[in-house]
Amino acid sequence: QVQLVESGGGLVQAGGSLRLSCAASGRIFGTYAMGWFRQAPGKEREFVAAIGWSGGRTYYADSVKGRFTISRDNAKNTVYLQMNSLKPEDTAVYYCAARLDYGSDSYYARENQYNYWGQGAQVTVSS
């Protein structure tokens, strides 16, 4: 089992920045791809960003491209989501997800491609 714990959420004004962290623990073998998703009130969960094992391959939803940056520190088993120029429409619960992916440096953008999920972190952007 892999446990994922998000932190760094909170309330910020439009135009501000936040950095989310997701720490992984437990039985971690081989390589794993990581992703961030979000769910706004009354909406379905949607993809935000993904990163391969090495950190060299990333992928973003069009709605956050140029504003958000996903990165990882494998020595700390932690993935980050730096969110800049935040907008009220970015308000949501943000979830990190992990996919055990042996021998691959791919990224994944669909929920059903991930094996493990965190509990979520609330991000609220005021106008």
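Counting begins at 1 with the first residue of the sequence.
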message = Tell me whether Arg72 forms a cation-pi arrangement with Tyr32, defined as NZ or CZ under 6.0 Å from the six-membered ring centre and within 45 degrees of its axis.
response = yes
query = What distance separates Glu89 CD from Ser127 OG, expressed to the nearest 0.5 Å?
reply = 10.0 Å
Between Asn84 and Ser17, a side-chain donor and acceptor under 3.5 Å = yes
task = State the CD-SG distance between Glu6 and Cys96, to the nearest 0.5 angstrom.
result = 4.0 Å
key: From Ile51 atom CD1 to Asp105 atom CG, the distance as rounded to the nearest 0.5 Å   = 9.0 Å
message = Side chains of Trp117 and Glu111, heavy atoms from C-beta outward: is any pair under 4.5 Å?
response = yes
query = Nearest heavy-atom pair of Thr31 and Ser104: which atoms, and what distance?
reply = OG1-O, 3.7 Å
query = Quick one: are Met83 and Val12 in side-chain contact, heavy atoms under 4.5 Å?
reply = no
query = Quick one: CZ on Phe68 to CG on Leu20, what's the gap to the nearest 0.5 Å?
reply = 8.5 Å
ask   = Just by distance, do the side chain of Tyr95 and the backbone of Gln39 share a donor-acceptor pair under 3.5 Å?
value = no
From Tyr80 atom OH to Asp73 atom CG, the distance as rounded to the nearest 0.5 Å = 5.0 Å
inquiry  = How long is the straight-line distance from CE of Met34 back to CG of Asn77, given to the nearest 0.5 Å?
reply    = 9.0 Å
inquiry  = What I want to find out is whether Lys65 reaches Asp62 closely enough, with some N-O distance under 4.0 Å, to be called a salt bridge.
reply    = yes
task = Scan side-chain atoms only and decide if Tyr94 and Arg38 contain a donor-acceptor pair under the 3.5 Å cut-off.
result = yes
inquiry  = Are the side chains of Val2 and Asn115 in contact, using a 4.5 Å heavy-atom criterion?
reply    = no
message = Evaluate Val79 against Ile70 for side-chain contact (heavy atoms from CB on, under 4.5 Å), listing each step before the verdict.
response = CA-CA 7 Å; Val79 64; Ile70 187 171; 3.9 Å; yes
key: side-chain contact (heavy atoms from CB on, under 4.5 Å) evaluation trace for Leu18 with Leu86   = CA-CA 8 Å; Leu18 280 175; Leu86 283 161; 4.2 Å; yes
key: Atom OH of Tyr116 with >12 non-hydrogen neighbours under 6.0 angstrom   = yes
ask   = Do the non-hydrogen side-chain atoms of Asn74 and Trp53 ever get within less than 4.5 Å of each other?
value = yes
